[in-house]
Colleague: 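Right, I'll just put the structure down here and ask away after.
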Amino acid sequence: MSGIGIQLQKLLRPNSFTGSLWAFSLSIIASGSPWIISFLSILVLHRILQPILEEGPLTLFSTTIAHVYAVALVLFGGLQFVLNRFAVGCIRGKREDRIIPSCLPALLFTGGLSFAIGFVLFGLLIPESWQFKVSAISLLIYVSMIFVATNFLSVLPKSRGIVPGFLMGYGIALFAVWAGARAFGVAGGLAGFSAGHLILLMILIWRLQAETGNRPPDQADWKFLRIFKRFPSMAWCGILLYLGIWIDKFLFWHLSSQGQAVSGVMRASPAYDPVFFLSLLSVVPALAFFFLRFETKIAGSLDQFQLAIDGQGTLDEIREEKFAMVQSLRRGLTQSITVQAVVTVGLLISTPGILEWLGLSTGKSSFVLITLIGASLLSLYLAMLKVLFQFDDRRGALY
């Protein structure tokens, strides 16, 4: 069982509403924080800034946030599963002391590459003020590094810093966006959002150090890069996952009649983007539910089955453990599909009203139906992917 699974069991053990809510919140962040936060941020910030910014600057702000997250997720999606595998290996091998020395080089590599890409995209290809460009580049750097830090922190047995860190960081970011936009316009709002991410990054790094013994690293350890050679399929899984999540936006922005130019190379699709962002958020309850059940129930069944076939059980015991494992997986997937179906039907009915309240384009009814169906399939896909990784079927996961 992973470190976060142990933490979730501790939260659920008192059988209290507060513990269950805290465990569910931790599951949301640990199961899919990068793209969940990206789409939720775009929707919430659009609502906050609507009374402050005019339509043009507001579209510029939302489009910039979307491009920042798209670039960070697609480029560094390959890091996600690989770093997670490395960190889990450190925990199981009781080598927590290797996490911080390995995390810092990963952060430096991610930050340096993000700066180079951000300088080209926002510094050279976007005709905006230098304040806007600096804020956009900084935001891309911080977002990419947060993804890396979250990956390491989520596998630790305590994992206490994830939920409070995200709540504090994004709470500060939302206030800073509001204050910055009121005082300095769209550049000020973007600078405020970037500052909130910097604070969140500092909190996550602080919690990493605290939960691994608060020992400063003697030197950077780049040995984690070897895991890319050992498990290249896992890196490709991450790249293809996030490319698959974003590819339709790229097509609508650049090839569809729905797309429109915003600033330089940045484009948007006002009729399609908000509908999809909201639809993809529909996977959050089902995904968090399956992650919670997997880490607290299913993973234990898988471990027992693995112990049985490794020579520690009789043939009858192996069959019993296999049956228990299959039943646990079946219940988890069935309940997850049920949760997703309820949420999908609810959003199918309420999406036009939600978009109207957010002050966004309601788009076309076909967009709502198709994107909700796509999100439902994504929810099932992510659950299956987690099961395949648990069985170490990397080739099957890649296919």
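Each residue takes its place number in the sequence, starting with 1. Because the structure is a prediction, the values reported are computed rather than measured.
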Colleague: Excluding sequence neighbours, so at least two apart, what forms side chain to side chain contact (heavy atoms under 4.5 Å, CB included) with Arg394?
Modeller: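 Arg394 satisfies side chain to side chain contact (heavy atoms under 4.5 Å, CB included) with Arg85, Phe231, Ser233, Met234, Asp392 once adjacent residues are dropped.
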Colleague: Please name the pair of heavy atoms, one in Val82 and one in Ala235, separated by the smallest distance, quoted to 0.1 Å.
Modeller: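 Nearest pair, atom of Val82 first, then Ala235: CG2-N, 3.7 Å.
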Colleague: If you round to the nearest 0.5 Å, how far is CG of Leu73 from CG of Leu243?
Modeller: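 The distance works out to 11.0 Å.
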Colleague: Tyr170 versus Phe175: any side-chain heavy-atom pair under 4.5 Å?
Modeller: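 Side chain of Tyr170 against side chain of Phe175, heavy atoms only: no contact under 4.5 Å found.
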Colleague: Do Val283 and Gln340 come within less than 4.5 Å of each other through their side chains, counting heavy atoms only?
Modeller: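 Yes, side chains in contact.
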Colleague: If you group Ile, Leu, Val, Met, Phe, Trp and Tyr by side-chain heavy-atom gaps below 4.5 Å, do Leu251 and Leu241 land in one group?
Modeller: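 In one cluster with Leu251: Leu241, yes.
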Colleague: Distance from Leu388 atom CG to Tyr399 atom OH, nearest 0.5 Å?
Modeller: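 It comes to 13.0 Å.
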Colleague: Ignoring hydrogens and angles, tell me if any N or O in the side chain of Thr63 forms a donor-acceptor pair with the backbone of Leu60 under 3.5 Å.
Modeller: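 Pair absent, no side-chain N/O of Thr63 close to backbone of Leu60.
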Colleague: Do Val148 and Phe109 have side chains that get closer than 4.5 Å, going by heavy atoms?
Modeller: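 Val148 vs Phe109: side chains apart.
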Colleague: Using the rule that two of Ile, Leu, Val, Met, Phe, Trp, Tyr join whenever any of their side-chain heavy atoms come within less than 4.5 Å, decide whether Phe76 and Leu398 are in one cluster.
Modeller: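 Hydrophobic grouping puts Phe76 apart from Leu398.
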Colleague: Give a yes or no on whether Phe250 and Leu75 share a hydrophobic cluster (residues Ile, Leu, Val, Met, Phe, Trp, Tyr; joining criterion: side-chain heavy atoms under 4.5 Å apart).
Modeller: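 The answer is yes; both residues are in one hydrophobic cluster.
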Colleague: Working to the nearest 0.5 angstrom, can you tell me the gap between Lys133 NZ and Thr64 OG1?
Modeller: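 That separation rounds to 12.0 Å.
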Colleague: As a quick check of understanding, evaluate side-chain contact (heavy atoms from CB on, under 4.5 Å) for Phe147 and Tyr69, giving each step before the final call.
Modeller: CA-CA 11 Å; Phe147 294 165; Tyr69 276 104; 4.0 Å; yes
Colleague: Using modelled atom types and a 3.5 Å cut-off, is there a donor and acceptor pairing between side-chain atoms of Ser263 and backbone atoms of Met266?
Modeller: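 No; judged by distance alone, with no hydrogens or angles, the pair does not exist.
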Colleague: Would Leu385 and Tyr242 show up in the same hydrophobic cluster when neighbours are defined by side-chain heavy atoms closer than 4.5 Å?
Modeller: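 In one cluster with Leu385: Tyr242, yes.
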Colleague: Between Ser269 and Pro274, which heavy-atom pair has the shortest distance, and what is it?
Modeller: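 That closest heavy-atom pairing would be O-CD, 4.0 Å.
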Colleague: With a 4.5 Å limit on heavy-atom distance, are the side chains of Leu190 and Ile65 in contact?
Modeller: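 They are in contact (side-chain heavy atoms under 4.5 Å apart), so the answer is yes.
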Colleague: Looking only at non-hydrogen atoms, find the nearest pair between Leu333 and Ala383 and report the distance.
Modeller: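 Result for this residue pair: CD2-CB, 3.8 Å.
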Colleague: Would you name the heavy atoms of Pro51 and Ile48 that are closest together and state the gap between them?
Modeller: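 Closest approach of Pro51 to Ile48: CD-O, 3.2 Å.
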Colleague: What orientation do Tyr272 and Phe252 show, parallel under 30°, tilted 30 to 60°, or perpendicular over 60°?
Modeller: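 Taking Phe252 first and then Tyr272, their aromatic rings lie parallel (interplane angle under 30°).
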Colleague: Quick check: do Phe193 and Tyr142 have side-chain heavy atoms less than 4.5 Å from each other?
Modeller: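 Contact flag for Phe193/Tyr142 side chains = no.
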Colleague: According to a 4.5 Å side-chain heavy-atom criterion applied to Ile, Leu, Val, Met, Phe, Trp and Tyr, with indirect links allowed, do Ile247 and Phe367 form part of one hydrophobic cluster?
Modeller: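 Result: yes, single cluster for both.
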Colleague: So do Lys386 and Leu382 actually touch side chain to side chain, heavy atoms under 4.5 Å?
Modeller: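 Not touching, per the 4.5 Å side-chain cut-off.
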Colleague: With a 3.5 Å distance limit and no angle check, can you tell me whether Ser336 reaches the backbone of Gly332 through a side-chain donor-acceptor pair?
Modeller: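 Judged by distance alone, no pair lies under 3.5 Å.
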Colleague: Got Leu378 and Tyr381 here, is their nearest side-chain heavy-atom distance under 4.5 Å?
Modeller: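 Side-chain contact under 4.5 Å: yes.
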Colleague: Which atom names give the shortest non-hydrogen contact between Leu139 and His197, and what distance separates them?
Modeller: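 Here Leu139 and His197 meet closest at CD1-ND1, 3.5 Å.
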Colleague: Keeping Ser376 on the side-chain end and Leu372 on the backbone end, is there a donor-acceptor pair under 3.5 Å?
Modeller: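 Yes, Ser376 side chain to Leu372 backbone: donor-acceptor pair under 3.5 Å.
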Colleague: Once rounded to the nearest 0.5 Å, what's the spacing between atom CG of Leu140 and atom OG of Ser135?
Modeller: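 So the CG of Leu140 and the OG of Ser135 are separated by 12.5 Å.
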Colleague: Of all heavy-atom pairs between Ser279 and Thr371, which one has the smallest distance, and what is that distance?
Modeller: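 What the structure gives for the nearest pair is OG-OG1, 2.7 Å.
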Colleague: Supply the atom-to-atom distance Phe61 CZ to Leu49 CG, rounded to the nearest 0.5 angstrom.
Modeller: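 One finds 5.0 Å between CZ of Phe61 and CG of Leu49.
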Colleague: Give, for atom CD1 of Ile146 and atom CG of Leu200, the distance between the pair rounded to the nearest 0.5 Å.
Modeller: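 Nearest 0.5 Å value for the CD1-CG distance: 4.0 Å.
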Colleague: Looking at Phe184, I want to see if its CZ is surrounded by more than 12 non-hydrogen atoms of other residues, nucleotides or ligands under 6.0 Å.
Modeller: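 No, the 6.0 Å shell around CZ holds no more than 12 heavy atoms from other groups.
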Colleague: Can you tell me if Arg230 has over 12 outside heavy atoms packed within less than 6.0 Å of its CZ?
Modeller: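 Check fails, neighbour count at 12 or below.
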Colleague: Apart from Val134 itself, what residues make up its hydrophobic cluster, given side-chain heavy atom links below 4.5 Å?
Modeller: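 Result for Val134 is Trp130.
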Colleague: Can you check whether Met145 reaches Ser114 side chain to side chain, under 4.5 Å on heavy atoms?
Modeller: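 The answer is no, as the side chains (C-beta and beyond) never meet within the 4.5 Å cut-off.
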